[in-house]
Protein chains: 2
Amino acid sequence: MQQVADRAGVSIATVSFVVNGNKRVSADTRARVTAAMRELGYRNNVVARALASRRTRILALVFPVLEHRLGQTALQFFTSAASRASELGYHLVLWPAVTTADDVQELISGGLADGVVVMEVTMHDPRIDRLTELEVPFVAIGRTADPSAISFVDIDFERTVEDALDHLTGLGHRRIGLVVEDLDGTTMADYGPKVRSEAAFRASVARRGLTGTVVAAGASAEGGRRAAADLLERDPDVTAAIIMKDDSNFGLVSGLRAGGRRVPEDVSVIAIVSSDGAGAATEPVLTTLNAPGPELGRLAVESLVERLEGGSTERTHTLIPCALHLAGSTAPAPA
Amino acid sequence: MQQVADRAGVSIATVSFVVNGNKRVSADTRARVTAAMRELGYRNNVVARALASRRTRILALVFPVLEHRLGQTALQFFTSAASRASELGYHLVLWPAVTTADDVQELISGGLADGVVVMEVTMHDPRIDRLTELEVPFVAIGRTADPSAISFVDIDFERTVEDALDHLTGLGHRRIGLVVEDLDGTTMADYGPKVRSEAAFRASVARRGLTGTVVAAGASAEGGRRAAADLLERDPDVTAAIIMKDDSNFGLVSGLRAGGRRVPEDVSVIAIVSSDGAGAATEPVLTTLNAPGPELGRLAVESLVERLEGGSTERTHTLIPCALHLAGSTAPAPA
DNA sequence: ATGAAAGCGCTAACAG
DNA sequence: CTGTTAGCGCTTTCAT
């Protein structure tokens, strides 16, 4: 930096000012400095800057290891968050949280990251408590039971379930099943998406005077198959199913067929918090409500950066609905 | 740190020594320092340490944005690399490379990362050239056409194809198709996995005196369906297919059926560089050769860290085979 | 085995 | 608008 300063005939401080653009510098001086930087191939040292400014411009994305297999949506969080961070001049480090309420401390008081994004949030998430009590700037992708005190971006599960039910009731369906992931006995038992969707479903079904049946699905296609059997046993007259577990989509459809039901003639199926790709891996192609994975990652980072830079302490609460993609798996209810 | 030193009755330098453990300190002093650290809740500042030691202990994982949808295997790279890095006392930052041959410069001369992991490598990858010429310590997940000069970990595609062919020929198959991703016209046209598998297939089929047909599949299930039609048209007597594109698995099977073939009675199907989960989303469950995603991420990081710490300039070349998982989609060739 | 001290490369008051 | 200067918190010779 000193070399650049010498070459431009200015002081090292002035170089710093033009690099950071946070102080007024005459156009002329700026030009000379810029030229000198280019000629010397100067690169601002991120670490020194971080030490002096007490801001690393690094964001940490905390993700759970073990416990819970991450899916396509998680991947989208990673990539979209990293990309958005990059655009805003930040870096995203992946922080594997092996145990719950992990050493977030090391992260922040260690000075590595300026802020944190947490994902896979449960209704009573110890990590959120910890981050709050440590006063770490953070944004959650997902939300706890009472999220009023935190900043978050999340899928609007309540609305998504409503949309799915609107679609199905619009087709005349009155007996509807909901397939959610089986998380009993794991630390993810109160996983937000599952709990919220199930609650929204039960409430809405009651409000609408429908017959609703909730079944849990284990892992993979086999889980879906069992869920189908379970559903048909508990409500043989069911005419529609909403499923929120992509890797069981195929199994559900297959299980419904094994139970003697045609899809969609006898039973309509709609996958929520899903994607076109997941829906296409089934015959017929599934009607889906697509998860806004990329938006969530992007917005989480934007919100965090704003908090970091704007210094605003106010909490942002953003809910995004899933987008409906119509396909062949939903049809009017049988007479 | 000064406070810790005071409390332990030693100098700040001594504290540094015990923190880093790279210099001999008497057991007694060490104990006092450790106690003082705990009592004061001392956390070593990562940034200051990085500035002074000129090593950030940060690794960058460069991933492509746009161009190429990342899949489950990429997710595994992210998480396993991050976890392994963490275990080794490093951090992993996600580096989105928007354009090819991106500003890797900023990364290293900017001083943020000590080393780089590149993924989604093509046979002639400009990023590899750039990293090499900049003398950046890096490890590739994947390899270029001539990888002798670089360190890499990769799937052993040649062996994987051999394994698939061994399995199929063992069942009596002589006319075999290979379905690979259609990448023509994209910057990923010479994507390593595709090019290597296709080449290995052609070579091995010739060597074994079999009839091999290679078809390209577009995106999603529909791509698989078209590939099936294409394959059946080009070799109506084909009795087995190897597919290396998970999101087309379902379409392929479905397309084979649409073409009047039963799976596996008429045509056996085996998915390579796949996973149990992907294989289960089809009826019958697919026989798969599972990609060692987690191992690759882990090994890449280990190799890079060893290079960084051991100072050894020698290149490591690691090839890992896929693991065979037998299921219902492969059967003896029809008479 | 421990301590003193010179930076690492940059930022941010403060002064001019 | 530009320069001076005192650190940021830690590592690392070099002495002792």
Side-chain angles (χ1 to χ4, degrees), chain A residues 1-34 36-37 40-58 89 91 105-114 308-309 311, chain B residues 1-34 36-37 40-58 89 91 105-114 308-309 311:
Chain A
M1 196 171 221
Q2 185 61 61
Q3 293 178 28
V4 174
D6 292 348
R7 196 175 228 281
V10 298
S11 85
I12 186 175
T14 304
V15 176
S16 176
F17 295 152
V18 357
V19 167
N20 297 292
N22 49 11
K23 209 155 181 178
R24 310 204 60 69
V25 175
S26 73
D28 178 55
T29 320
R30 150 167 291 113
R32 291 210 317 285
V33 173
T34 313
M37 291 198 301
L40 267 48
Y42 170 78
R43 310 249 125 218
N44 191 359
N45 183 306
V46 185
V47 181
R49 171 216 285 246
L51 182 59
S53 67
R54 299 141 168 300
R55 310 212 21 237
T56 60
R57 300 187 75 85
I58 289 177
H91 297 291
Q105 190 120 22
E106 178 195 339
L107 223 180
I108 302 298
S109 32
L112 178 70
D114 292 341
L308 254 24
E309 303 193 334
Chain B
M1 196 172 217
Q2 186 61 60
Q3 294 178 28
V4 174
D6 292 349
R7 196 174 229 281
V10 298
S11 84
I12 186 176
T14 304
V15 176
S16 175
F17 295 151
V18 359
V19 167
N20 297 292
N22 48 11
K23 204 154 182 178
R24 309 204 59 69
V25 175
S26 73
D28 178 53
T29 326
R30 148 167 292 112
R32 290 210 319 284
V33 172
T34 312
M37 290 198 302
L40 268 47
Y42 170 77
R43 312 247 124 220
N44 192 358
N45 183 305
V46 185
V47 180
R49 173 215 284 242
L51 182 60
S53 66
R54 302 145 160 303
R55 309 208 26 237
T56 60
R57 300 185 78 86
I58 289 178
H91 298 291
Q105 189 121 19
E106 177 195 340
L107 225 180
I108 302 299
S109 31
L112 179 71
D114 291 342
L308 255 23
E309 302 194 332

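Letters go in sequence order (proteins before strands), and every chain restarts at 1.
Under the 3.5 Å distance criterion, the side-chain polar atoms of A:Arg55 are left unmatched by any main-chain donor or acceptor of A:Ala50.
Nucleic acid contact for B:Ser16: base, since at least one base atom lies under 4.0 Å from a heavy atom of the residue. At a threshold of 4.0 angstrom between heavy atoms, the contacts of B:Val19 with the nucleic acid are absent.
A straight line from CE of A:Met37 to C1' of C:dC10 spans 14 Å, rounded to a whole angstrom. Following rounding to the nearest Å, A:Arg32 (CZ) and D:dC1 (C1') show an atom-to-atom distance of 12 Å. Per the geometry, CZ belonging to B:Phe17 stands 20 Å off P belonging to D:dG9, to the nearest Å. Going from atom CE of A:Met1 over to atom C1' of C:dC8 covers 14 Å, rounded to whole Å. Remark: C1' of C:dA5 and CD of B:Gln2 are 12 Å apart, rounded to the nearest angstrom. Spacing between atom CZ of B:Arg30 and atom P of C:dT2 amounts to 9 Å, rounded to whole angstrom units. Taking atom CD on A:Gln3 and atom P on C:dC10, their separation rounds to 10 Å, with Å as the unit. What separates OH of A:Tyr42 from P of C:dC10 is a distance of 4 Å, to the nearest Å.
Of the candidates C:dC10, C:dT2, D:dC10, the closest approach to any side-chain atom of B:Asn44 belongs to D:dC10. The side chain of B:Leu51 has C:dG9 as its nearest neighbour among C:dT11, C:dG9, C:dG3. Side-chain proximity of A:Asn45 to D:dG9, D:dT2, C:dG9: nearest is C:dG9. Nearest nucleotide to the B:Lys23 side chain, out of D:dT13, D:dT11, C:dC10: D:dT13. Closest contact between the side chain of B:Asn20 and the listed nucleotides D:dT4, D:dT11, C:dG3 involves D:dT11.
OP1 or OP2 of C:dC10 has not a single side-chain nitrogen or oxygen of A:Ser53 nearer than 4.0 Å. Remark: A:Thr29 is not in phosphate contact with D:dC1, judged by side-chain N or O atoms under 4.0 Å from OP1 or OP2. OP1 or OP2 of D:dT4 has not a single side-chain nitrogen or oxygen of A:Ser11 nearer than 4.0 Å. Proximity of B:Arg54 to the phosphate of C:dG7: no side-chain N or O atom is located under 4.0 Å from OP1 or OP2.
Shown here for A:Leu112 and B:Ile58, the closest heavy-atom pair between the two residues is CD1-CD1, 4.0 Å.
In this structure, CE on B:Met1 lies 10.0 Å from CG on B:Asn45, to the nearest 0.5 angstrom. Put simply, CD on B:Gln2 and CD1 on B:Ile12 are 5.0 Å apart, with the number rounded to the nearest 0.5 Å.
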What do the steps show when you test A:Arg49 against A:Arg57 for side-chain contact (heavy atoms from CB on, under 4.5 Å), and what is the final call?
CA-CA 10 Å; A:Arg49 171 216 285 246; A:Arg57 300 187 75 85; 4.1 Å; yes
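Nearest-nucleotide assignment on DNA chain C puts the 5′-proximal partner with B:Asp28, out of A:Val15 and B:Asp28.
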